Amino acid sequence: MTQTNNNMTVNPDLAMERAKCNFNVLEVTHIFDGGERNTLQRKKIEDVALNSGASKDALGEEHMSPKEKYENAVRKSCIYATMMKNELAELSGLESFGVSSPVIRRTADAFFKEVSPFLLHLGMFVPTIMGQCTPEQQSYWLPRALDMQIIGTYAQTELGHGTFIRGLETTATYDPETEEFVLHSPTLSSYKWWAGGLGKTVNYCIVVAQLYTKGECHGTHPFIVQIRDEDTHVPLPGIKVGEIGPKMGFNTADNGFLGFDHYRIPREHMLMKNAQVLKDGTYVKVARHGKLTYGTMVFVRVVLVNEVAFNLAKASTIAVRYSAIRRQSKPKPDEVEPQILDYVTQQHKLFIAIATAHALQLCSTWLWESFSAVLAQMKGGNTDTLPEFHALSSCLKAISTSDSAHLIEQCRHACGGHGYMISSGIPNLYNFVSATRTYEGDYTVLLLQTARFLVKAYEQAEAKKPLTPTVSYLAHAFSGSRATWDNSPDGIIRSFQALAAGKTAVCVTNMRKRMRAGLSQVDAWEMSTIQLVAAAEAHCRAVIADTYRKEIVRLTANSSPNVKVVMDQLTTLYLYYWALERTGDLLMFTSVSQKDLVDLQIAYEELLLKIRPNAVGLVDAFDLRDELLHSTLGSYDGRVYERLMEEALKSPMNKEPVSDAYSKYLRPMMKGKL
Ligand SMILES: CCCCCCCC(=O)SCCNC(=O)CCNC(=O)[C@H](O)C(C)(C)COP(=O)(O)OP(=O)(O)OC[C@H]1O[C@@H](n2cnc3c(N)ncnc32)[C@H](O)[C@@H]1OP(=O)(O)O
Ligand SMILES: Cc1cc2nc3c(=O)[nH]c(=O)nc-3n(C[C@H](O)[C@H](O)[C@H](O)COP(=O)(O)OP(=O)(O)OC[C@H]3O[C@@H](n4cnc5c(N)ncnc54)[C@H](O)[C@@H]3O)c2cc1C
């Protein structure tokens with residue numbers, strides 16, 4: 001087993017589960033990590049970062065006041081950042097730690113139950129400098145940012161606008177007399193709102209503002225702006241900055257607001273890779289594609305697919321281990337109470353979470369590789385692949401975050417009452433992941449971006465023009481007959497593609513009908529958006545299913561027989577699950593019959609039983625150290641009840657035998673003296 005401690009007492013049910021697991025757990029860990037080398041490197045990084053105990057808190061974060069929580073998060077962020085500079089960057093083979101690797105990002109989770117106030121520094125501030133600056137600008141800003149001499153964030157969203165970037169109101173007006181930009185917040189709704197770390201932590205930020213020069217507006221552009229004194233940290237004159245208050249999660253991230261009162265910055269602080277303002281105020285467009293200033297968002301959308309896969313792996317580890325030690329009810333009076341993991345409904349809740357974590361992890365690696373290829377082409381001046389990539393990253397971000405949030409909540413349900421405890425770890429995971437569905441592009445809005453691309457691709461297919469790879473299946477949309485149902489994995493994937501093509505065709509037909517009836521193109525589109533979102537979702541599910549299947553076949557080509565079997569079972573489960581979730585659509589767009597669906601349901605139930613003996617082995621293969629799980633229910637040793645009681649006794653409420661509230665309120669009321 002990957003995580004060993006010879007002195008550890010393990011709950012007997014968990015020990016029994018591990019004994020009956022029939023595949024090599026380490027082999028699956030390697031698949032999830034993307035190879036044995038990555039696993040070894042990850043473990044080295046985790047050992048250095050976590051073995052010292054620096055990630056631990058004397059008092060649980062949940063018992064701290066908001067101010068204490070924030071200060072504690074800053075304390076640990078500083079420890080972790082220093083560790084990264086001194087030890088971890090070299091271990092991870094990175095030239096500098098700023099090019100943050102997913103492993104380093106994930107290891108940081110041991111330090112924070114919520115998030116680090118530095119999240120946006122490495123997550124968006126540094127990537128924006130890397131992606132939007134000229135080489136000269138980079139050589140000035142990047143070393144300072146990577147060395148943490150300055151700390152920054154990404155302030156784009158305003159009180160009034162988040163989705164509609166073109167509607168942002170902050171202005172940056174060029175003054176050729178002084179060769180400065182004047183930043184201004186003309187209205188309350190133009191105040192920047194939400195940026196992580198802005199409230200109290202950062203002294204710099206990327207500000208996205210409407211650029212005016214020579215009396216003309218050239219749309220939104222990024223600027224690097226100092227907001228606090230580098231020595232005293234006091235906000236600079238002309239800056240109004242603060243923290244936005246308590247949120248559902250992210251409570252250690254000091255998300256902030258920011259307003260400008262005719263605040264001046266040097267001309268060179270405009271990030272000039274894609275567009276420039278010359279000294280005399282002449283505006284020069286450099287980039288070939290109009291949306292390259294949105295580049296940091298595309299990068300983060302790619303990163304998020306991996307991020308949510310990791311968090312879903314955590315939730316499923318907690319819920320499956322807990323379900324193995326928890327015994328409840330007595331369906332057979334003569335037998336002991338079964339482990340709740342033996343209930344088929346419990347398996348239905350949990351095994352899809354394991355399979356989805358795998359599917360998203362493998363898709364995220366594939367997406368990252370596609371992104372690297374797009375970036376390489378763009379370096380050579382070719383932006384042809386960007387529209388397809390934008391459509392792909394948008395839908396994968398939307399579906400991965402939404403599915404993960406839903407499945408993490410399902411894992412919480414699977415843990416009954418104890419899942420509701422903060423100490424179970426699941427509420428924090430849910431609060432974090434549910435925000436990912438909104439930030440970096442709301443779910444619906446991003447699926448509508450993908451739908452735009454799908455409709456165009458459909459029209460190209462109709463005109464018999466060539467199609468890009470992820471939508472090549474649309475070429476079969478004009479055969480005139482319904483796709484033939486076949487319950488093999490490849491057959492189900494073809495059906496998912498037929499479903500996406502069919503839904504797109506319905507949208508196009510309806511929009512055309514509406515336009516013939518007199519609606520404008522914009523109104524016909526608007527009236528069809530429910531179906532367009534559904535078409536984009538179907539497209540994304542077809543892409544995920546296809547990628548997951550192909551990647552698993554490739555990655556298990558040399559695996560041991562039992563690993564091949566269990567990985568095949570998981571991918572098949574994923575396909576059956578989604579086919580059964582979409583029976584209505586399959587009946588509309590494929591030749592599937594009622595009998596086929598009844599048979600599929602039975603095959604799905606039998607598959608759950610086959611996976612059952614390996615369930616704990618499968619979550620052990622995620623190889624998540626206890627420090628990363630922060631969970632009373634999901635620790636490796638399964639000492640659930642002991643940990644729940646230990647945590648309860650830590651509650652400050654238990655410090656005094658009698659609460660002060662007794663003498664202040666309860667006693668007077670009970671004695672009739674209130
Ligand atoms: C670790 C990090 C933690 C992160 C914490 C969270 C941080 C944040 O949330 S930062 C703020 C993020 N904000 C967002 O994501 C805002 C979401 N909104 C958007 O991305 C855009 O405004 C969007 C895409 C919805 C619409 O943009 P808009 O400029 O109005 O474009 P729109 O008119 O719809 O489309 C015009 C064309 O541009 C294309 N396009 C839009 N965006 C992109 C893009 N990023 N790349 C390439 N093409 C694009 C469209 O596909 C369309 O192409 P076509 O005309 O050929 O169909
Ligand atoms: C925890 C957290 C951290 C964040 N961190 C940052 C940060 O560091 N920096 C930053 O700049 N921003 C940040 N944000 C802001 C985030 O990017 C925006 O909240 C997000 O992009 C959604 O925009 P919005 O809030 O304007 O939602 P809205 O666009 O107002 O969405 C509200 C509803 O309207 C719908 N809607 C909007 N437009 C359309 C449309 N065209 N068609 C159909 N439906 C539509 C949406 O689907 C949604 O249901 C953060 C947000 C959160 C929650």
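In listed order, ligands and their atoms are each counted from 1. Just so it is clear, the structure is predicted and the values come from calculations on it, not from any experiment.
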With heavy atoms and a 4.0 Å threshold, my read on which part of V445 contacts ligand 1 is side chain
Ranked by distance from atom 14 (C) of ligand 1, the top protein heavy atom is M297 SD, 3.3 Å
among protein heavy atoms, the one nearest atom 15 (C) of ligand 2 is T157 OG1, 3.3 Å
The protein heavy atom nearest to atom 39 (C) of ligand 2 is V445 CG2, 3.7 Å
Under 4.0 Å from one or more heavy atoms of R452, ligand 1 contributes atoms 32 (P), 33 (O), 34 (O), 35 (O), 36 (C), 52 (C), 54 (P), 55 (O), 57 (O)
Quick check: Y283 with H218 (ring centres under 6.0 Å apart)?
yes
When distances are taken from atom 13 (N) of ligand 1, the protein heavy atom at minimum range is Q156 NE2, 3.3 Å
If we number the atoms of ligand 2 from 1 as shown, the ones under 4.0 Å from a heavy atom of N255 are 3 (C)
_Below the 3.5 angstrom mark, is there an N/O of W193, backbone or side chain, next to an N/O of ligand 2?_
no
Salt bridge (charged side-chain N to carboxylate O under 4.0 Å, His left out) pairs touching residues 395-410, sequence neighbours excluded, are D403-R541, E409-R412
Ranked by distance from atom 2 (C) of ligand 1, the top protein heavy atom is V300 CG1, 3.8 Å
among protein heavy atoms, the one nearest atom 7 (C) of ligand 2 is A195 CA, 3.4 Å
Among non-hydrogen protein atoms, atom 20 (C) of ligand 2 lies closest to T438 O, 3.4 Å
For residues 106-131, the salt bridge (charged side-chain N to carboxylate O under 4.0 Å, His left out) pairs (sequence neighbours left out) are E62-K113, K69-E114, R105-D109, D109-K314
When distances are taken from atom 37 (C) of ligand 1, the protein heavy atom at minimum range is K291 CE, 3.9 Å
- Query: Would you say the side-chain atoms of S185 and E169 include a donor-acceptor pair closer than 3.5 Å?
  - Reply: no
among protein heavy atoms, the one nearest atom 33 (O) of ligand 1 is R166 NH2, 3.1 Å
Candidates Y439, F125, W525; heavy atom nearest atom 2 (C) of ligand 2 found on Y439
The answer for which part of F453 has a heavy atom under 4.0 Å from ligand 1 is neither
Under 3.5 Å: N/O of Y154 near N/O of ligand 2 | yes
Whether over 12 other heavy atoms sit under 6.0 Å from K247 NZ: yes
**OP:** Verify whether the ring centers belonging to F125 and Y154 lie closer than 6.0 Å.
**Re:** no
**Prompt:** Counting only heavy atoms not in Y204, do more than 12 fall under 6.0 Å of its OH?
**Reply:** yes
- [ ] Could you tell me if any non-hydrogen atom of K456 lies under 4.0 Å from any atom of ligand 1?
- [x] yes
Closest heavy-atom approach to atom 27 (O) of ligand 2 among N431, V208, T163, L198 is made by T163
Here the atoms of ligand 2 under 4.0 Å from any heavy atom belonging to T444 are 47 (O)
For E440, the atoms of ligand 2 under 4.0 Å from one of its heavy atoms are 17 (O)
Closest to atom 50 (C) of ligand 2 by heavy-atom distance, out of F250, W194, F164, is W194
When distances are taken from atom 25 (O) of ligand 2, the protein heavy atom at minimum range is G162 CA, 4.7 Å
Ligand 2 to D442, heavy atom cutoff 4.0 Å, flagged ligand atoms 46 (C), 47 (O), 48 (C)
Looking only at protein heavy atoms, what sits closest to atom 44 (C) of ligand 1 is H390 ND1, 3.3 Å
Short version for E388: what comes under 4.0 Å of ligand 1, heavy atoms counted, is neither
Looking only at N/O atoms, are L386 and ligand 1 under 3.5 Å apart anywhere?
no
Counting heavy atoms under 4.0 Å, the part of Q449 that contacts ligand 1 is side chain
**Study point:** Test item: side-chain donor near acceptor, R514 and S528, under 3.5 Å
**Key:** yes
For Q156, the atoms of ligand 2 under 4.0 Å from one of its heavy atoms are 11 (O)
Next item on the list: Using distance alone, decide if ligand 1 has a nitrogen or oxygen within less than 3.5 Å of any nitrogen or oxygen in T157.
Entry: no
field: Aromatic centroids of W141 and H269 separated by under 6.0 Å
entry: yes
Any heavy atom of E440 under 4.0 Å from ligand 1? The part involved is both
In this structure, atom 43 (C) of ligand 2 is nearest to the protein heavy atom L448 CD1, 4.0 Å
> Is there a protein heavy atom less than 4.0 Å away from atom 33 (C) of ligand 2?
Replying inline: no
One finds that the ligand 1 atoms under 4.0 Å from a non-hydrogen atom of G162 are 16 (C)
Less than 4.0 Å between atom 30 (O) of ligand 2 and some protein heavy atom, yes or no?
no
